[in-house]
Amino acid sequence: GVWRQTRALLFKNCLIKCRTKKSSVQEVLFPLFFLFWLILMSMMHPHRRYEEMANTDLGPLDTSVLVNFVIGYTPPTAMAREIMKKVAFDNFEDGLITEEYLSEEELEEASFLKPSNFVGVVFKDSMSYQLRFHDSIAMSSIYMESR
């Protein structure tokens with residue numbers, strides 16, 4: 001039955017391993033070799049520990065620099081509208097001026113008309129965006145640290 005077939009399969013595998021000693025040794029030594037290199041690399045680049053920072057009050061936000069500041073965004077989806085509403089009214093008493101544009105081309109045209117006080121936000125999906133300034137593009141990034 002099943003025990004006889006299992007025993008025959010194990011015996012066959014043992015014969016194959018004995019007849020192909022070079023590949024059997026490689027199957028054991030290659031993972032150990034790579035494990036050694038991983039340990040060596042982690043020892044060469046030790047983890048950095050940063051001291052804890054105490055909570056400090058940064059004071060009120062100086063909103064005088066945000067007078068007549070315009071934030072344009074695209075595409076005008078429900079998620080983008082909700083995010084921009086939170087940015088404009090929850091963080092600032094007077095609210096920032098937000099404008100929605102149907103396409104990135106319209107957003108770029110608006111940035112040329114109002115270069116000094118305009119920032120564009122292009123939502124790629126619900127979790128990523130790009131900031132568009134008059135002469136450059138700033139990518140959103142996530143700070144990642146090695147473990």
Tell me the closest heavy-atom pair linking [X] and [Y], and the distance in Å.
X     : Y      : answer
Pro75 : Ala80  : O-CB, 3.5 Å
Tyr73 : Thr98  : CE2-CB, 4.2 Å
Pro76 : Leu102 : CG-CD2, 3.9 Å

Can you measure from [atom1] ([X]) to [atom2] ([Y]) and round to the nearest 0.5 angstrom?
X     : Y      : atom1 : atom2 : answer
Met84 : Glu99  : CE    : CD    : 10.5 Å
Ile83 : Tyr129 : CD1   : OH    : 9.5 Å
Met41 : Phe36  : CE    : CZ    : 10.0 Å

Using the side chain to side chain donor-acceptor pair (under 3.5 Å) rule, collect all pairs that involve residues 25-38, keeping only residues at least two apart or in two chains.
->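 For residues 25-38, and leaving out neighbouring residues, the side chain to side chain donor-acceptor pair (under 3.5 Å) pairs sorted by first residue read Lys17-Glu27.
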Got a sec, which residues hit side chain to side chain contact (heavy atoms under 4.5 Å, CB included) with [X], two or more places apart in sequence or on another chain?
X     : answer
Ile39 : Leu35, Met43
Val25 : Leu29
Thr6  : Val2, Leu10
Lys21 : none

Charged N to carboxylate O below 4.0 Å: is that the case for Arg132 and Glu109?
->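 Result for this pair is no, no salt bridge flagged.
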Report yes or no: do Leu15 and Val28 belong to one cluster of Ile/Leu/Val/Met/Phe/Trp/Tyr joined by side chain heavy-atom distances under 4.5 Å?
->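 No, no single cluster joins them.
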With sequence neighbours excluded, what pairs up with Ser103 under the side chain to side chain donor-acceptor pair (under 3.5 Å) test?
->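 With neighbours one apart ignored, the set is Glu105.
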Is there side-chain contact between Leu38 and Phe34, with at least one heavy-atom pair below 4.5 Å?
->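 No; the side chains remain at least 4.5 Å from each other.
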Pairwise side-chain contact, Val122 with Tyr101, heavy-atom cut-off 4.5 Å (strictly under) =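 Val122 does not reach Tyr101 side chain to side chain.
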